[in-house]
Each structure stands twice: as C-alpha cells, then as structure tokens.
Amino acid sequence: MTDTMINSIFFEKLLEISRQMAQTRVLDPLLKYAMHEALQLFQGEHGYLVLVKPDGSLDFRVKIDMHGNELSQPEAEISTTILYPVIRERKSRLIHDALKEPTLTNASSVFRLQVRSVVCTPLIVQDEVPGALYIENRSTSHIFLESNLKPLEYFASQAAVAIQNAILNEELEARVAARTAELEMALQQLEHSWMQAVEANRIRTTLLGNVAHDMRAPISMGISALTAITDGMYGDLTLGQHQWITRTIHSLEHAFNLTSDVFDLAKAEEKQLTLQRQPVELNSFLHDVYDTCEKLPRSPNVQFILDVEMMLPELQVDKTRIKQVLLNLLSNAHKFTEEGMITLYAHHQKDDHSILIGVRDTGIGIPKDFMDKIFQRFQRGENTLAHAQRGTGLGLAISKELVELHGGRIEFSSEEGIGSDFRIYLPIT
Ligand code: ADP
C-alpha cells in the first residue's frame, strides 16, 4: 500500500468516526467512544479524556487501555504536568520519550509509570477548551510522529464539538427534568388544595342543604298557623293586626322559597337531584301554568298572554320541576315588567327535535354587564323595580340545573328598556 492509499483509508476512517460522534448525544458513551477510537487510530496503549470542571480542576472522565478496559490507577497518579499547560495554552504537545524529557524531570508519575511516548491535544470549541485528550505508550518511545499531530488535532476538534453538544444537551435535559419535577410538585400541591377545596365545599353544601331542609317544616307550620289566623279561625282581627300578620306571612313565604331553592341547589351539587319523568300533555300543562300565574300580582298596564302552538307533542319530563322553572321565569317577568306584555309561548322545533317554551316580557331588561352572571348562584341584578321584592338570586341557577338535567338548555336575550326573552329547549325523547 502506498502512503497516499494509507492516508486516504485513515481519513475515511476519521470521517466515519466524526460522523458517529456527531450523532451521539449522550455524554458518557460519546467520551468512551472518542477515546477508544483515538487509541486505535494513533496506536496508543493508554488514553485519558479529561474535562475541565467549572473550578478549573480536571475531571478524568475516561481512563482506558487500547482494548477499552478501564485503567485502575488513581487520577492523581496521572501526570497533570503535561495536561494543564496543553489546556491553558491551547496547544498540542508531542513527547518522544518522557523519561528523557528535561521539562518532566519533576513529574514523579512519569517515572513511576515509566511513560515513554506521549501525545496530548486540547479539545477546542470556538474560544472554549472543555477538556483534553491524552494518549501514551509506556513500552515504546518515539511511537507518535509529528505527522500524527494534524490528524489528531482534527480528530480532537470534531470530538470537542460533539462533546460540547452532548454537555449542552445533558444540561438542557437536567434543566427540563428539574423543571418537570418542580411542575409535578406544584401540580401535586394544586391537586391536594383542590381536593381540600372540593371536600370543604361538599361539607358546606351538605350542611347548607341540611339546614335548609330542617328549616322548611317550621316555616311552613308558621305560614299555616298565621294563615289560619288571618282566615279568622281564632276570631276577628283588626285591620292593623291583619296587615301585620299578612306581611309576616309574605316574609315567611319568601324565607320558605329561599330554603327550597338552597335545598334544591345542594341536592343538584351532590348529584342527588333526580327527576320523576312522566308523559306530559304539553298544551294542558302550559294552560295550567298560565292559570297559576294569572293570579300573580302585576301592574294593571301589563297584559299576560298565552301563545302556544296547537297539538304539541307529548314530553317525558318531570312535571313539577318544569313547572318550577316556568313559574320562576314567569315570576321574574312579572317582577320586572311595569307595562306592556308578558307572553308564555311554546313551539315545536322540528329541526332539532325539541320543544321551545319561552317567557317574553317588555320589562326593564337586563344590563349587559350582568348578562354573563345571570345563571350564577346568589346573583341579583341592580335592575330592580322600586316596588319589587328582592329575590334570592337562586331561581335562574336552579332553573338551569333542572333544564340541563332534562337534557335541555336554557338561553335568553334581553335589552335594557325593551324587555327580556328566556327560552328553554326540551328534547323530545
Ligand atoms: P331572583 O329573581 O330571585 O333575584 P334569579 O336567579 O331568578 O333570582 O334572577 C337573577 C337576576 O336576574 C334578577 O335579580 C334580575 O336582576 C335578573 N332577571 C331575571 N329575570 C329577569 C327579567 N325577566 N327581566 C329583568 N331582569 C331579570
């Protein structure tokens, strides 16, 4: 083989190793691979790959012989007399016979280990020197040639880039792992707080539900007793007494409605609100609702209209619950309308197979900034008429729960000073 042929085989091998190094992203295997290949290429007996630690000291990451076996001698024994200047001055060093090298007479390890041929080159990436490659041969002097230096430096520069990339990659992975651990911890804490909040909320809701439930019976007894008195069961009342007891009855009725609403909401939250579905003939049902609401107090300037399509299909719904929803919508309409019309209407929506039941009024309407809160619990608008009794702010929240429990939806549109239109859509099952 001619020199040129040997050279071309050598460079081909060098190229292949460089490619392999560039593809290895994990630091330890990369360092071992680079050191092992360097020993093979340059015929070294032992090789050391060192990295510079942040404090400037050396980290002996690979210590192997030409067969890839780990060397057992402690790091301190390896001559740093050669390594430090190579790294500091960024300059390779070739020693033909270390035992005879005048600059190494003080390097005790050289004599103890009987080191002969040495070649050492820095790993350079741009203006940084992350480490160095050190190759030695103890059995033979003059084994490394001047002509080996350039190829070794080329090899070292390729190794240095790959090593730097792997270090960055590892740092990045460590940062990602640390951040992930932090996030996981934060998530766990959040989950814990969330569970605590859910539990606290559950206890509060149960308590609220129980209190509401237990208050209903005595309030109801109070209303019955006072109604009996106003009905004259215990003798005649003076006008003042009658007015006073009637006002008390109204307050108790308000309290009763509030406890009923709170009780329903607590049940809805605990998913204990169940429906008693039955076939409901809609036309007569809506007439019945209309008749009930006819008796609601309203201004003489308000007309109450029923506009229901004939022959509506039968619905499988909880009659009491749907009536509760409609009474709530209608009582709101009555509360917030001083003149014009209140209409209870219903249509068969053939396109989405549902029944639309709506309550439209020409009342004061709902302010824009309150619209997104309207279905939230205990939310009452500022748009109250002077004489209207303040509600509980629970009616629409319960109505929404009940309609959705039926698989339907509730929506509304409203304009201040023009009126409101609340619509419920119930699926025909
Ligand atoms: P409540 O009527 O007991 O206060 P609701 O949940 O039924 O509770 O209604 C919440 C609020 O929505 C009311 O306080 C009122 O401000 C507004 N609202 C509901 N219906 C109407 C309506 N038809 N016209 C104007 N405002 C309405």
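Please read all numbers here as calculations on a predicted model, not as lab measurements. Just so you know, ligand 1 is whichever comes first in the structure, and atom 1 is the first atom listed for that ligand.
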Which part of [X] is near ligand 1, with near meaning a heavy atom under 4.0 Å away: side chain, backbone, both or neither?
X: D361; value: side chain
X: N328; value: side chain
X: F375; value: neither

| query | For I374 and ligand 1, does the shortest N/O to N/O distance drop below 3.5 Å? | reply |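 There is no such contact.
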| message | Taking distance alone, with N or O pairs closer than 3.5 Å, would you say I364 contacts ligand 1? | response |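 Not met; the criterion fails.
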| request: Just jot down the ligand 1 atoms closer than 4.0 angstrom to any heavy atom of L394, in number order. | output: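 Counting from 1, the qualifying ligand atoms are 6 (O), 8 (O).
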| request: Heavy-atom contacts with F336 under 4.0 Å: which atoms of ligand 1 show up? List them by number with element. | output: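 Answer, ordered by atom number: 13 (C), 15 (C), 18 (N), 21 (C), 22 (C), 24 (N), 25 (C), 26 (N), 27 (C).
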Between [X] and [Y] (salt bridge meaning N to carboxylate O under 4.0 Å), is one present in this structure?
X: E182; Y: R179; result: yes
X: E136; Y: R138; result: yes
X: R423; Y: D421; result: yes
X: D28; Y: R61; result: yes
X: E401; Y: R377; result: yes

| said: Classify the ring geometry of F375 against F412: parallel below 30°, tilted from 30° to 60°, perpendicular beyond 60°. | reply: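 F375 vs F412 ring planes: perpendicular.
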| query | Does one side chain, of D307 or T343, offer a donor that lies under 3.5 Å from an acceptor on the other? | reply |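 D307 vs T343: no donor-acceptor pair found between side chains.
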| query | Any non-hydrogen atom of F370 lying under 4.0 Å from ligand 1? | reply |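 Contact present.
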| request: Please work out which of G365, G393, A333 has its closest non-hydrogen atom nearest to atom 8 (O) of ligand 1. | output: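 That would be G393.
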